[in-house]
Amino acid sequence: MISLQQKSTDPRLRSNSALWGKYKNEKGSRIANFRNYYLYLPEGRKLEDGLEVIR
């Protein structure tokens, strides 16, 4: 099982997902949204077949 995490020295980012984006909320403030996905390679499958998302 793997996940993509920030490798930053900034404590606000460290250990957060590397997949993120910014958006404006209803008040007009900018918000960062970190998307945590965990992936795995099912037994008997090759990496070329792709990783599966754990839901």
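Sequence positions, counted from 1, serve as the residue numbers for this chain.
In this structure, the side chain of Ser17 does not engage the main chain of Gln5 through any donor-acceptor pair within 3.5 Å. Although no hydrogens or angles enter the test, the distance criterion places a donor-acceptor pair under 3.5 Å between the side chain of Arg14 and the main chain of Ser8.
Atom CD of residue Glu26 and atom CD1 of residue Ile31 lie 8.5 Å apart, to the nearest 0.5 angstrom. Taking OG of Ser3 as the start and CG of Leu39 as the end, the distance is 8.0 Å to the nearest 0.5 Å. Separating the CG atom in Leu41 from the CD1 atom in Ile2 is a distance of 9.5 Å, to the nearest 0.5 Å.
In the hydrophobic cluster analysis, where Ile, Leu, Val, Met, Phe, Trp and Tyr join through side-chain heavy atoms closer than 4.5 angstrom, Leu19 is grouped together with Leu51.
Counted within 6.0 Å of CZ on Phe34, heavy atoms from surrounding residues, nucleotides or ligands total more than 12; the atom is thus considered enclosed. For Arg35, the CZ atom is loosely surrounded, since the number of other residues' heavy atoms within 6.0 Å does not exceed 12.
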| task | Run the numbers on Val53 and Tyr38 for side-chain contact (heavy atoms from CB on, under 4.5 Å), then give the verdict. | result | CA-CA 6 Å; Val53 177; Tyr38 295 92; over 6 Å; no

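In plain terms, the two heavy atoms of Met1 and Ile54 that are nearest each other are SD-CD1, 3.4 Å.
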